[in-house]
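Below is one structure, written out as structure tokens; comments come after it.
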2 protein chains.
Amino acid sequence: MSEKTAYNVAVVGATGAVGQKIMKILEEKKFPLNKLKLLSSKNSAGKELTFAGKTIIVEEAKPESFEGIDIALFSAGGSVSKQLAPEAVKRGAVVVDNTSAYRMDENVPLVVPEVNAEDIKEHKGIIANPNCSTIQMVAGLKPIKDHFGLSRVIVSTYQAVSGAGAKAVAELEHQAKQYLNNEEMEANILPAGSDKKHYPIAFNALPQIDLFQDNGYTFEEMKMINETKKIMHEPNLSVAATCVRLPFFTSHAESVYIEVEKDGVTVQDIWRTFENAEGIILQDDPSTQTYPTPLSSANKEEVFVGRVRKDLDNDKGFHLWIVSDNLLKGAAWNTVQIAQTLVKNNWL
Amino acid sequence: MSEKTAYNVAVVGATGAVGQKIMKILEEKKFPLNKLKLLSSKNSAGKELTFAGKTIIVEEAKPESFEGIDIALFSAGGSVSKQLAPEAVKRGAVVVDNTSAYRMDENVPLVVPEVNAEDIKEHKGIIANPNCSTIQMVAGLKPIKDHFGLSRVIVSTYQAVSGAGAKAVAELEHQAKQYLNNEEMEANILPAGSDKKHYPIAFNALPQIDLFQDNGYTFEEMKMINETKKIMHEPNLSVAATCVRLPFFTSHAESVYIEVEKDGVTVQDIWRTFENAEGIILQDDPSTQTYPTPLSSANKEEVFVGRVRKDLDNDKGFHLWIVSDNLLKGAAWNTVQIAQTLVKNNWL
């Protein structure tokens, strides 16, 4: 184990939306940096980015880029991670990967620090950052599970376009302008850039995120189902998901039905649990119309929970509304949290 | 019983969004009219509206307006219905009321013709049109219940602003323009015009529709829960709802989890049931990205169903995505369907 107090960190995909957020957080949180290396595709190499008042030139990510790097934060798409993460590991770096490439690999811990930080210890070079919609949900479910047990989860999501990348953000903005000008909307990206058909997202709702799987569920839905079980160490937990893309820019919202194992749990019990939970902010007061929304949660690190209600028929059933910034807790902030946990515990 | 073949019909709230749609449908469907009377508040009285090429002057709705009227279609808010529907009944009219004023009154049938047309027969002068989000859901649930039994319903809604009236539609449009011009958004109407606080709906999601009740559920959620049980004659059916307002103009979408009573039901069984169901159009083919959306369902009469999936843990559990135009099947068309059923069966 190293006794370092400052680290050489590489951000792969530095020019992307999540890469930019990662840099901002590394700076704000005063991450113990010795050197920061910014990597990207060939196209973006040569760009100048500012970090802590200094200019850093972005370099093309290659296997040899990772020489001397302690921690590599990958956010440049699954194919880049598949190709370069093993190269980084070979050169002694620990990779925190923000793509779906390694999430279900049994040798790769899949981590939300508030939920399963200890899993980081078992890493073999790569630690995966879960899917954005999964992260905020398991952050909300963890305190419930610890206090009352958890047997069932049914989630319907309300997901922001930024989860589909900068092109989807531009598409929503462009389509909204077209619609308001009575022009026909052009659709080229959503629901999934790599799929055959595209539908307008502005003033619409698309019940497809990512590609359809053979079982009729989308990949996003299967990510939520499988990742939740893995992160929570609950292979038999019943989890179902319906994922829907909506016309807003930032923060995913989730309508979550859960069943706890304990009898007689009250809404007040659940509130108290959330009030004491790390990384969670309870915003739940019907008398003052207090609940989180995508707009109110944007640019914030925490996971916001509101609309806690007991099911009217099932004593063990509860309904929750969970909202968080999909680019922060859903991506950049969770990635940096994993890196923080690595260095704080000397688990590199 | 009358032997009439043409009827004197009054539309109360003729200048409103639903009133206008009702007039359009009466004309398109060639409803057997003898005379059409258009009624409104004092403010809108005197306006000239066109019906079947003729100009009709809107009159102020008063108790005596209903003299000689056979059928009065009310869509002018709960307080107008409470005041004037009994006056219309007193004068011999049958009222189809599109507000929440009488829905849970045990003497008033609450009707979606595809589900419980026979209930119309029991009317005592007033028949209630259910809440928009309820109508499309029970239309989808009815064939399931008939073929496979139904024990549980958990719905999360994705609701259009037009359900909150013309002012909410204008507000979304105005806020969207403000946002795209980098101006601060003004919020004066949503989530509920009569509530204390207002939040922007453009590029946002509001988990509040109508006012909060003492139990922490909103009135919209309680409407879905209670109306579903009444319409389906299933007082013990387990129904839960989370209702969310979203930034689109027309059509509500619903992510619905159901549990059937029969074992071994397949997705194909459910598809077949929907294909043969009255008023339902199945749009469900993942291989061609076929599913209904709010935009694709707008201005159509039917209820559209897609994304039918079997739960991965519960053999009796299924997930559905139900979409319909909230102003047509959710309001105007269902109202006219009730009136059609009244005259066709001579149940006036």
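Each chain gets a letter, A, B and so on, in the order its sequence line appears, and its residues count up from 1. Bear in mind that the values here come from a model prediction, so they are computed numbers and not experimental data.
- With a 4.5 angstrom heavy-atom cutoff, B/Ala202 touches chain A only via backbone atoms.
- Of residues 205-221 of chain B, those residues with a non-hydrogen atom less than 4.5 Å from any non-hydrogen atom of chain A are, in numerical order, B/Ala205, B/Leu206, B/Pro207, B/Gln208, B/Phe212, B/Asn215, B/Gly216, B/Tyr217, B/Thr218, B/Glu221.
- The pair B/Glu227-B/Arg103 counts as a salt bridge, with a side-chain nitrogen and a carboxylate oxygen less than 4.0 angstrom apart.
- Under the 4.5 Å side-chain criterion, counting only non-hydrogen atoms from C-beta, A/Asn299 is in contact with A/Lys21.
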Derivation of the salt bridge (Lys or Arg N to Asp or Glu O under 4.0 Å) call for B/Lys145 and B/Glu234 = CA-CA 10 Å; B/Lys145 181 195 154 192; B/Glu234 291 277 4; 3.4 Å; yes
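- Under the 4.5 Å side-chain criterion, counting only non-hydrogen atoms from C-beta, B/Thr134 is not in contact with B/Met137.
- Residues A/Met224 and A/Ser133 are in side-chain contact: their nearest non-hydrogen atoms beyond the backbone lie under 4.5 Å apart.
- No hydrogens or angles considered: nothing links the side chains of A/Ser255 and A/Arg307 as a donor-acceptor pair under 3.5 Å.
- Contact check for A/Tyr199 versus B/Tyr291: side-chain heavy atoms found under the 4.5 Å cut-off.
- No part of A/Val267 comes within reach of chain B, as not one of its non-hydrogen atoms sits under 4.5 angstrom from that chain.
- Heavy atoms of other residues, nucleotides or ligands lying less than 6.0 angstrom from CD of B/Glu184 number 12 at most.
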Derivation and outcome, side-chain contact (heavy atoms from CB on, under 4.5 Å), residues B/Ile281 and B/Val305 | CA-CA 6 Å; B/Ile281 295 183; B/Val305 182; over 6 Å; no
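- Side-chain contact between A/Met185 and A/Lys177 is absent, with no heavy-atom pair separated by less than 4.5 Å.
- Using a 4.5 Å cut-off between heavy atoms, A/Leu312 touches chain B through backbone and side chain atoms alike.
- Within the 4.5 Å cutoff, the side chain of B/Arg309 has heavy atoms near those of the A/Thr242 side chain.
- Proximity to chain A among residues 318-329 of chain B is limited to B/His319, B/Trp321, judged by heavy-atom separations below 4.5 angstrom.
- In terms of heavy-atom pairs under 4.5 Å with chain B, the best-connected choice from A/Lys197, A/Lys310, A/Lys196 is A/Lys197.
- Residues of residues 155-169 of chain B lying within less than 4.5 angstrom of chain A, judged on heavy atoms, are B/Ser156, B/Thr157, B/Tyr158 in numerical order.
- Judged by distance alone, the side chain of A/Glu173 and the main-chain N or O of B/Leu180 form no donor-acceptor pair under 3.5 Å.
- Side-chain contact between A/Ile280 and A/Glu302 is absent, with no heavy-atom pair separated by less than 4.5 Å.
- Both the backbone and the side chain of A/Leu295 come within contact range of chain B, judged by heavy atoms closer than 4.5 Å.
- Contacts of A/Ser238 classified as side chain to side chain donor-acceptor pair (under 3.5 Å), with partners at least two apart in sequence or in another chain: A/Arg152, B/Asp313.
- If you measure heavy-atom distances from A/Pro292 to chain B, the contacts under 4.5 Å come from the backbone alone.
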Hey, mind stepping through A/Asp269 and A/Arg272 against side-chain contact (heavy atoms from CB on, under 4.5 Å) and telling me if it holds?
-> CA-CA 5 Å; A/Asp269 293 333; A/Arg272 208 169 308 123; 3.5 Å; yes
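- The residue among A/Asn236, A/Asn314, A/Ile154 with the most heavy atom pairs within less than 4.5 Å of chain B is A/Ile154.
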Starting from the C-alpha separation in whole Å, work towards a yes-or-no answer on side-chain contact (heavy atoms from CB on, under 4.5 Å) for B/Val260 and B/Ile258.
-> CA-CA 6 Å; B/Val260 299; B/Ile258 57 167; 4.3 Å; yes
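- A/Ser251 does not touch chain B: none of its heavy atoms, backbone or side chain, sits under 4.5 Å away.
- B/Thr250 does not touch chain A: none of its heavy atoms, backbone or side chain, sits under 4.5 Å away.
- Comparing B/Phe249, B/Phe203, B/Tyr179 by how many heavy-atom pairs each has under 4.5 Å with chain A, the most go to B/Phe203.
- Between the side chains of B/Gln178 and B/Glu186, at least one donor N or O sits under 3.5 Å from an acceptor N or O.
- Contact annotation for A/Asp195: both backbone and side-chain heavy atoms come within less than 4.5 Å of a heavy atom of chain B.
- When each of B/Ile225, B/Val308, B/Asp311, B/Asp284 is scored by its heavy-atom pairs under 4.5 Å with chain A, the top score falls to B/Asp311.
- In this structure, B/Ser296 contributes its side chain and B/Thr293 its backbone to a donor-acceptor pair below 3.5 Å.
- Contact count against chain B (heavy-atom pairs under 4.5 Å) is highest for A/Val244 among A/Asp285, A/Leu172, A/Val244.
- Residue contact with chain A, scored on non-hydrogen atoms closer than 4.5 Å, involves the backbone of B/Val239 exclusively.
- The shortest distance between side-chain heavy atoms of A/Phe304 and A/Leu282 does not fall below 4.5 Å.
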Let me see the working for A/Leu150 and A/Glu259 under side-chain contact (heavy atoms from CB on, under 4.5 Å), right down to the final yes or no.
-> CA-CA 6 Å; A/Leu150 186 67; A/Glu259 285 172 13; over 6 Å; no
